[in-house]
Amino acid sequence: MGHALTLHKPVRLFQISSEKNLDIYALSGTPADCVYMGLRHVLKERPSAIVSGINRGFNLGNDIFYSGTVAAAREGALLNIPSIAASMDFHFVPGTNQTAHFDDAACFLKDLVVKVVREGLPHRCLLNVNFPNLPLSKVKGLKVARQGFRIYSDSIVKRVDQRKKNYYWLGGEYVGFEPIESSDCVAVDQGYISVTPLRIDVTQYDFLDTLGKWKLDSVIKDNKKRK
């Protein structure tokens with residue numbers, strides 16, 4: 001989903017259940033909608049932290065730009081609320097007998113949330129956490145990692161529907177990752193939990209001065225002279 005907000009149609013909010021200290025809601029919108037609605041309508045007080053996930057499937061490297069899970073945490077970070085996005089290497093396949101260690105991941109997250117609330121995060125920062133699908137007893141450890149880069153094939157599948165009109169499947173197959181030292185991709189591939197601090201500001205600071213030397217304002221001046 002990426003960081004999409006539903007702006008051109010209504011969303012619907014449902015209260016699923018209510019018990020002592022726990023009210024559960026569902027929203028018809030995107031993950032970012034959920035945080036937007038939760039902070040501005042559902043909650044009466046500002047939360048101490050936001051946790052998005054645990055997502056089925058990794059959100060590593062450049063995948064963070066497409067991830068609704070990460071976007072929900074980013075929506076919290078925009079308001080400077082300590083936020084965590086969590087994902088695990090598990091894909092449900094109907095008809096197969098699979099073991100998903102979500103309980104182990106949640107156990108780790110519980111302690112991480114306490115640490116985040118106690119210690120705090122930098123201004124408009126969020127944590128992106130990725131778990132191998134292993135019990136904590138078999139996880140090699142934790143690595144604080146930088147953002148990596150995942151690689152996908154460039155294929156687009158073209159097909160024809162029953163009315164003889166073309167339609168397309170986007171998104172190539174995952175084929176690997178760049179071997180960037182200390183990256184999140186490398187960490188989880190080696191059996192570690194990766195924790196990556198992300199920031200809202202994505203400015204390429206080391207290119208600012210060079211870009212300024214392009215004298216792009218001269219294009220505006222030249223166009224004004226022509227008129």
**Q** What pairs with Tyr192 under ring-ring contact (aromatic ring centres under 6.0 Å, His included), at least two apart in sequence or on another chain?
**A**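 Tyr192 satisfies ring-ring contact (aromatic ring centres under 6.0 Å, His included) with no residue once adjacent residues are dropped.
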**Q** Looking only at side-chain N and O atoms, does Thr69 offer a donor or acceptor that is under 3.5 Å from a partner on Asn55?
**A**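 On atom types as modelled, these side chains qualify, holding a pair under 3.5 Å.
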**Q** Restricting to non-hydrogen atoms, name the atom on Cys125 and the atom on Pro197 that form the minimum distance, rounded to 0.1 Å.
**A**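 Closest approach of Cys125 to Pro197: SG-CB, 4.1 Å.
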**Q** Over all heavy atoms of both residues, which pair between Leu121 and Leu126 is shortest? Give the atoms and the distance, please.
**A**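 The answer is CD1-CA, 4.4 Å.
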**Q** Taking the side chain as every heavy atom from C-beta outward, state whether Thr30 and Asp33 have any atom pair closer than 4.5 Å.
**A**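 Heavy-atom side-chain distance check passes, below 4.5 Å.
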**Q** Output the distance between atom NZ (Lys143) and atom OG (Ser194), rounded to the nearest 0.5 Å.
**A**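 Rounded to the nearest 0.5 Å, the NZ-OG separation comes to 10.5 Å.
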**Q** Can you measure from CG (Asp184) to CG (Asp189) and round to the nearest 0.5 angstrom?
**A**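 Nearest 0.5 Å value for the CG-CG distance: 11.5 Å.
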**Q** For Phe90, enumerate each residue passing the ring-ring contact (aromatic ring centres under 6.0 Å, His included) test, keeping only those at least two apart in sequence or located in another chain.
**A**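 By the ring-ring contact (aromatic ring centres under 6.0 Å, His included) rule, Phe90 matches Phe102.
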**Q** Arg56 and His91: side-chain donor and acceptor closer than 3.5 Å?
**A**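 The criterion, which ignores hydrogens and geometry beyond distance, is not satisfied for His91 and Arg56.
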**Q** Under 4.5 Å between any side-chain heavy atoms of Tyr25 and Leu13, yes or no?
**A**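 The answer is yes; the side chains approach within 4.5 Å.
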**Q** Under 3.5 Å, is there a donor-acceptor pair between the side chain of Asn59 and the main chain of Asn130?
**A**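 Not at all, since once roles are kept as given, no pair shorter than 3.5 Å links the two residues.
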**Q** Grab the two heavy atoms, one from Ile54 and one from Ala106, that are nearest each other, plus how far apart they are.
**A**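 Taking Ile54 first and Ala106 second, the nearest heavy atoms are CD1-N, 3.8 Å.
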**Q** Linking I/L/V/M/F/W/Y whenever any side-chain heavy atoms sit under 4.5 Å apart, do Ile180 and Ile64 land together?
**A**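 Hydrophobic grouping puts Ile180 apart from Ile64.
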**Q** Between Lys158 and Ile156, does the side-chain contact (heavy atoms from CB on, under 4.5 Å) criterion hold? Intermediate values first, please.
**A** CA-CA 6 Å; Lys158 177 182 177 180; Ile156 294 178; 5.8 Å; no
**Q** To the nearest 0.5 angstrom, please state how far the NE2 atom of His41 sits from the CG atom of Leu43.
**A**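 Separation between the atoms: 10.5 Å.
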**Q** With side chains defined as the heavy atoms from C-beta onward, is the minimum distance between Leu109 and Phe131 less than 4.5 Å?
**A**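 Yes - at least one pair of side-chain heavy atoms lies under 4.5 Å apart.
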**Q** May I ask you to check whether over 12 heavy atoms, not counting those of Asp209, lie within 6.0 Å of atom CG?
**A**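 No, CG of Asp209 has 12 or fewer neighbouring heavy atoms, counting only those of other groups under 6.0 Å.
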**Q** Cluster question for you: counting only ILVMFWY and a side-chain heavy-atom cut-off of under 4.5 Å, with indirect links fine, are Leu142 and Leu134 together?
**A**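 Yes, one cluster joins them.
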**Q** Indicate if Val51 and Val42 have the same hydrophobic cluster label, given that clusters are the connected sets of ILVMFWY residues with side-chain heavy-atom separations under 4.5 angstrom.
**A**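 Unlinked, Val51 and Val42 end up in two clusters.
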**Q** Begin from the C-alpha positions of Tyr152 and Val175 and carry the test side-chain contact (heavy atoms from CB on, under 4.5 Å) through to its verdict.
**A** CA-CA 5 Å; Tyr152 295 86; Val175 295; 5.6 Å; no
**Q** For residues Ala85 and Val70, report the shortest heavy-atom separation together with the two atoms involved.
**A**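 Smallest heavy-atom distance, with atoms named: CB-CA, 3.8 Å.
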**Q** Is there side-chain contact between Pro132 and Asp89, with at least one heavy-atom pair below 4.5 Å?
**A**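 They are not in side-chain contact.
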**Q** How far does CG of Asn128 sit from CD of Gln147, to the nearest 0.5 angstrom?
**A**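 Interatomic distance, Asn128 CG to Gln147 CD, rounded to 0.5 Å: 8.5 Å.
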**Q** Apply side-chain contact (heavy atoms from CB on, under 4.5 Å) to the pair Ile24 and Gln15, showing each step before the final yes or no.
**A** CA-CA 6 Å; Ile24 300 176; Gln15 184 164 4; over 6 Å; no
**Q** Within the 4.5 Å heavy-atom criterion, are Pro47 and Ile81 side-chain neighbours or not?
**A**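 Pro47 vs Ile81: side chains touch.
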**Q** Evaluate the criterion side-chain contact (heavy atoms from CB on, under 4.5 Å) for residue pair Val129 and Thr196; output intermediate values, then yes/no.
**A** CA-CA 6 Å; Val129 185; Thr196 303; over 6 Å; no
**Q** Contact between Leu127 and Leu198 at the side-chain level, heavy atoms closer than 4.5 Å - yes or no?
**A**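 When only atoms from C-beta onward are counted, Leu198 and Leu127 do not touch, as no gap falls below 4.5 Å.
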**Q** Search all heavy atoms of Pro122 against all heavy atoms of Asn80 and return the closest pair with its distance.
**A**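 That would be O-OD1, 4.1 Å.
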**Q** Can you tell me how far the CG atom of Leu112 sits from the SG atom of Cys107, to the nearest 0.5 Å?
**A**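 These two atoms lie 11.5 Å from each other.
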**Q** Does Asp154 have more than 12 heavy atoms from other residues, nucleotides or ligands lying within 6.0 Å of its CG?
**A**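 No.
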**Q** Count the heavy atoms of every other residue, nucleotide or ligand shown that sit under 6.0 Å from CZ of Arg150, and state whether that count exceeds 12.
**A**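 Counting other residues, nucleotides and ligands, CZ of Arg150 exceeds 12 neighbours.
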**Q** Cation over ring, Arg12 on Phe14, under 6.0 Å and within 45°?
**A**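 Ring-cation test returns no.
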**Q** Supply the atom-to-atom distance Arg124 CZ to Asp201 CG, rounded to the nearest 0.5 angstrom.
**A**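 So the gap between those two atoms works out to 9.5 Å.
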**Q** Cluster question for you: counting only ILVMFWY and a side-chain heavy-atom cut-off of under 4.5 Å, with indirect links fine, are Ile151 and Phe58 together?
**A**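 Cluster IDs for Ile151 and Phe58 differ.
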**Q** Give a yes or no on whether Tyr66 atom OH has more than 12 heavy-atom contacts from other residues, nucleotides or ligands under 6.0 Å away.
**A**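 Count not over threshold, so no.
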**Q** Judged by atom type as modelled, is there a donor-acceptor pair below 3.5 Å linking the side chain of Asp104 to the main-chain atoms of Leu136?
**A**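 Flag set: sc Asp104 to bb Leu136 pair under 3.5 Å.
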**Q** So with a 6.0 Å cut-off around CD of Glu181, is the heavy-atom count from everything else above 12?
**A**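 Incorrect, the count does not exceed 12.
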**Q** Does NZ or CZ of Arg159 come closer than 6.0 Å to the centre of the six-membered ring of Tyr168, within 45° of the ring's axis?
**A**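 Because its charged atom misses either the 6.0 Å distance or the 45° angle limit, Arg159 does not stack over Tyr168.
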**Q** Looking only at heavy atoms, which two atoms of Ala32 and Glu75 are closest? And how far apart?
**A**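 Nearest heavy atoms, Ala32 then Glu75: O-CG, 3.9 Å.
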**Q** Is it possible for you to say whether Val139 and Val144 belong to one hydrophobic cluster, with membership spreading through side-chain heavy-atom contacts below 4.5 Å?
**A**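 Hydrophobic grouping puts Val139 with Val144.
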